[in-house]
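Notes for the one structure printed next.
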Amino acid sequence: MTMRARYLFAFVFLFTCSAIAIAQEAAPPPPPKFQIAPDKLPAYAGQYTYDDDPDLVRSISFDGSRLFAESLRTPRYELLPQAEDTFAPPNAPVSFKFLRSADGKVTGFNRIFAGETTHASKISDQPLKFNKLEYTRQEVMIPMRDGIKLHAIILRPKDYSAPLPFLMERTPYGVDGNTPESINPGEPELAASRYIFVFEDIRGRYKSEGTFLMSRPMADHHDPKLIDESTDTYDTVDWLLKNIPNNNGRVGVHGVSYGGFLAMAAGIDPHPAVKAISPQAPMIDVWMGDDFFHNGAFRETYGYDYILGMESSKENAFSKLDEDAYDFFLHSGSFEAAAKKGGVDKLPTGVAFFQHPSYDEFWHARGVQWHLNQPAVPTLMVGGFWDQEDMFGPQEAYAKLEPHDAHHENFMVIGPWNHGQWGGTTRHLGDIQFGEPTTDEFRKRYEAPFFAHYLKDENGFTLKNAATFESGSNRWREYTHWPPLESKSQNLYLSADGSLVLSSSEPKKSSSDKKGAANYREYISDPANPVPYRHRPIQATYSQGSKWFTWMVEDQRFVSDRPDVATWTTPPLDHDVTISGDVIADLFASTSGTDADWVVKLIDEYPEAASTSSAVSSASGPSVSASSSTSTSNSASPNMAGYQLMVNGEIFRGRYRKSFEHPEAIPADQVLEYRFSLHAADHTFLKGHRIKVQVQNTWFPLYDRNPQKFLPNIMTASPGDFAKATQRIYPASHLILPVAP
């Protein structure tokens, strides 16, 4: 299992079993702490499925006096007895407590990991047998054009006669964990299809030579002496073709996150043998909308944690905080002060944060989108609607390539996932259930057929252009173009009374409005008490038990009652409303300060057990109305009653309203327009649900605090620079929704 699985999938079961496999390879298991008679072991044998993820069967079998567990997605590992009915893998922080019925029969188990318990039911007494292909492993050092050698692991099927294509993943996260035992669990569909798998440490990371450079800019490929990730891929491919026997002369490249950025680079001036690439959640532009900044607002916790983890060592050095990150960054005062505490200010990208707070040539040179003027090879972009790290990347790269796609080789799939979640097996994200294993469906329906078609000439890849999973209604949709041409823009206006109006034109002031009432919503934003972006305590990004991976689907009720969060709501809907496409926020707002951040969230509020309402107001155009009778949602369950699901949300730093390159102070108390994308959504607000919009000015410590006073560099603000500000949102403010017919 690669670091892609461990750090990017955030898929706990895969992480645990990867650790199990590594521990078993590193040393023989210790003697059991507790003895169980061998004749009792058959009672535990059989097939088990977890209640919330029933699609991946776990098989437990016995061999003499030993008990083993395995699944399609995990290697075979031993379970050692710890106590009566309690077992644990060797050297792994997980245990299994088997449960029995009143007559003593084993009925399931509770899996305990990081303080959380997950229940699995026994569905058969007969263990499964898995027919996993056997692979061999080869370790090589591949020379680049400048003499630097890159470290790679090559996995080949043991028995194959017909030449096979290469499928390559380049990564900064270390490749040594890729073994013949890990390839089947890690890539079940692709491993079964047979490829020559290549995993390569990029320049300057782990066992590769050279110097690591974060998001290395693209070089001028007319100069044969210059190097970048594209040329390193080119040289790697050239060496593989000449040195690895029995290949068919074709190469596919894929990867997630940083690996997605590397896969995208493989398609820029590619080697002729590169026939297909799949950049998945690629880091396309880390200033505009991926890892480090969004619309100029600095992602403080991620910038701190990721740079420390990547640049303080040649290997991963992700660490944990000993306190709530909210307190750590608030008490530090500024990012500069926090960075000095951890040494981030001395690391290359940490220095770049301070020297290049705006979108200057330094960041522009790292923007991959400026090089995407044609799909040089068939490309399958992959992303998640709730990707907490790189939602921007796949959408932006697809959009840049789409106008130039004369041969219909630019594809995109977006599912209901967080960052890289599609590599695991699940049918939910946090508390949000989707009713089917969307992750397995993606790999079987789109990813595996894509590579089989372009690398092996096999039939089965039928995607015309784009596929998305429509949450709410919970179904896959395919389109000939994204955003879908069928969707029609409708304005969702933020009225002064807190109601939402869906209208084709700006609604007129209602005659029922109170005389003398303010024609705006007003609240105080206080940087000393910023709005948290997720439930506290906030753990370090990649620490054990971190809630980072699911924060985008957390119930937003935890901040809904704050006075510095302005909320607009419809009554319960009397019909389904589906949005498919890009959601645009168009705020008309003023601040008493000279700088401000604007955060806009579009929320699906689930109904309570039952609700009664009257019609929502509407102007010229389609209305969002509510039934006068009791209405309940077909998706609501008792534990989801009243849940506030953020469909999408984004931030905009006000100083960049005219230019991302040249920030300007905001004129105090002037009504100005702030227009920005909340990115794509494909979601149905079901009958009985409410549509909510929230606006706030802090989202901490995901984003650094804006002093609300214009400074040349917010990261170096002093405590006295932070000030309260009065914020006003005017009724001309609206969201532009892509409403499906």
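For the single chain, residues carry numbers from 1 onward in sequence order.
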Just checking, is any N or O donor in the side chain of Asp291 or Tyr302 under 3.5 Å from an acceptor N or O on the other one? yes
List in chain and number order the residues that pass side chain to side chain donor-acceptor pair (under 3.5 Å) with Asp604, two or more places apart in sequence or in another chain; answer none if no residue qualifies. His683, His689
For a quick test of reading the model, state the closest non-hydrogen atom pair linking Pro416 to Gln421 and the distance between them. O-OE1, 3.9 Å
Identify, with sequence neighbours excluded, every residue that meets salt bridge (charged side-chain N to carboxylate O under 4.0 Å, His left out) alongside Glu200. Arg170
Residues which pass salt bridge (charged side-chain N to carboxylate O under 4.0 Å, His left out) with Lys456, listed by chain and number, not counting sequence neighbours: none
Donor on one side chain, acceptor on other, Thr480 and Lys464, under 3.5 Å: no
Got a sec, which residues hit ring pair (Phe, Tyr, Trp, His ring centres under 6.0 Å) with Trp598, two or more places apart in sequence or on another chain? Tyr674
Is there a side-chain contact between Val253 and Leu167 (heavy atoms, below 4.5 Å)? no
What class does the angle between the rings of Trp548 and Tyr533 fall in, given that below 30° is parallel, 30 to 60° is tilted and above 60° is perpendicular? perpendicular
Taking every non-hydrogen atom, the tightest pair across Arg534 and Ser546: NH2-OG, 3.7 Å
Quick check: closest heavy atoms across Phe685 and Arg690, and the distance to 0.1 Å? CD2-O, 4.4 Å
Dump the intermediate steps for side-chain contact (heavy atoms from CB on, under 4.5 Å) on Phe451 and His254, then the final yes or no. CA-CA 10 Å; Phe451 283 118; His254 67 145; 3.8 Å; yes
Where does the angle between the aromatic ring planes of Phe197 and Phe199 fall among parallel (under 30°), tilted (30 to 60°) and perpendicular (over 60°)? parallel
I'd like to know whether Asp576 forms a salt bridge (Lys or Arg N to Asp or Glu O under 4.0 Å) with Lys687, so could you lay out the CA-CA distance, the side-chain angles of the two residues, the decisive distance to 0.1 Å, and finally the verdict. CA-CA 5 Å; Asp576 294 352; Lys687 178 182 177 181; over 6 Å; no
Asn418 vs Met552 side-chain heavy atoms within contact, under 4.5 Å: no
Side chains of Tyr479 and Leu485: closer than 4.5 Å at any heavy-atom pair? no
Return yes if a side-chain donor-acceptor contact under 3.5 Å exists between Ser257 and Asp390, otherwise no. yes
Taking all heavy atoms of Met646 and all of Ile603, pick out the closest pair and write down the distance. CA-CG1, 4.1 Å
Verdict with supporting geometry, His679 and Asn648, side chain to side chain donor-acceptor pair (under 3.5 Å): CA-CA 7 Å; His679 310 296; Asn648 56 5; over 6 Å; no
Please lay out, stage by stage, how Ser230 and Asp269 fare under the test side chain to side chain donor-acceptor pair (under 3.5 Å). CA-CA 7 Å; Ser230 176; Asp269 295 329; 5.7 Å; no
What about the rings of Trp363 and Phe293, do their centers lie closer together than 6.0 Å? yes
When the aromatic ring centroids of Trp287 and Phe660 are compared, is their separation below 6.0 Å? yes
Residues that Asn248 engages under side-chain contact (heavy atoms from CB on, under 4.5 Å), provided they are two or more places apart: Pro163, Pro165, Arg250
Apply ring pair (Phe, Tyr, Trp, His ring centres under 6.0 Å) to residues Phe652 and Phe676 and explain how you reach the verdict. CA-CA 7 Å; Phe652 188 92; Phe676 54 99; 5.4 Å; yes
Please, which pairs that meet salt bridge (charged side-chain N to carboxylate O under 4.0 Å, His left out) have at least one residue in residues 466-475, sequence neighbours excluded? Glu470-Arg475, Glu470-Arg477
Mutual orientation of the aromatic rings belonging to Tyr606 and Tyr643 [parallel < 30°, tilted 30-60°, perpendicular > 60°]: perpendicular
So, using salt bridge (charged side-chain N to carboxylate O under 4.0 Å, His left out) as the criterion, who are the partners of Lys275 when residues are at least two apart? none
Test salt bridge (charged side-chain N to carboxylate O under 4.0 Å, His left out) applied to Arg427 - qualifying residues, sequence neighbours left out: Asp55
Looking at every non-hydrogen atom in both residues, tell me the closest pair between Val368 and Met283 and how far apart they are. CG2-O, 4.2 Å
Do Gln644 and Asp555 have side-chain N/O donor and acceptor atoms under 3.5 Å apart? no
The criterion is side chain to side chain donor-acceptor pair (under 3.5 Å); which residues satisfy it with Tyr446, sequence neighbours excluded? Glu478
Residue set satisfying ring pair (Phe, Tyr, Trp, His ring centres under 6.0 Å) with Tyr234, at least two apart, ordered chain then number -> His271
Say whether Asp440 and Thr425, considering side chains only, have a donor N or O and an acceptor N or O under 3.5 Å apart. yes
Ala120 and Tyr48 have their tightest heavy-atom pair at CB-CB, 4.4 Å
For Ser71 and Thr74, indicate whether the former's side chain and the latter's backbone hold a donor-acceptor pair under 3.5 Å. yes
Test of understanding: with ring pair (Phe, Tyr, Trp, His ring centres under 6.0 Å), list the residues that count as partners of Phe166, not counting sequence neighbours. none
Tell me which donor-acceptor pairs under 3.5 Å the side chains of residues 395-406 have, and how far apart each pair is, sequence neighbours excluded?
from	atom 1	to	atom 2	distance (Å)
Gln395	OE1	Ala680	N	3.1
Gln395	NE2	Met391	O	3.4
Tyr398	OH	Asn465	OD1	2.5
Tyr398	OH	Trp482	N	3.1
Glu402	OE1	Asn410	ND2	2.9
Glu402	OE2	Asn465	ND2	2.8
Glu402	OE2	His481	ND1	3.4
Asp405	OD1	His408	N	3.1
Asp405	OD1	Glu409	N	2.7
Asp405	OD1	Asn410	N	3.4
Asp405	OD2	Glu409	N	3.2
Asp405	OD2	Asn410	N	3.1

Compute whether any side-chain donor of one residue and acceptor of the other, for His453 and Asn459, lie under 3.5 angstrom apart. no
Under the ring pair (Phe, Tyr, Trp, His ring centres under 6.0 Å) test against Trp417, which residue among Phe469, Phe385, Phe442 passes? Phe442
Give a yes or no on whether a salt bridge exists between Asp228 and Arg216, defined as a side-chain N under 4.0 angstrom from a carboxylate O. no
Of Gln280, Glu441, Glu447, the residue whose pairing with Trp422 passes side-chain hydrogen bond (donor to acceptor under 3.5 Å, both in side chains): Gln280
Take Leu240 and Met168, measure what side-chain contact (heavy atoms from CB on, under 4.5 Å) needs, and give me the verdict at the end. CA-CA 10 Å; Leu240 291 169; Met168 181 164 65; 4.2 Å; yes
Parallel, tilted or perpendicular: rings of Phe411 and Phe450 (30°, 60°): perpendicular
Do Phe434 and Thr426 have side-chain heavy atoms sitting under 4.5 Å apart? no
For Asp682 and Ser580, what are the C-alpha separation, side-chain angles and deciding distance, and is it a side chain to side chain donor-acceptor pair (under 3.5 Å)? CA-CA 4 Å; Asp682 201 349; Ser580 299; 2.7 Å; yes
Is there side-chain contact between Leu380 and Met412, with at least one heavy-atom pair below 4.5 Å? no
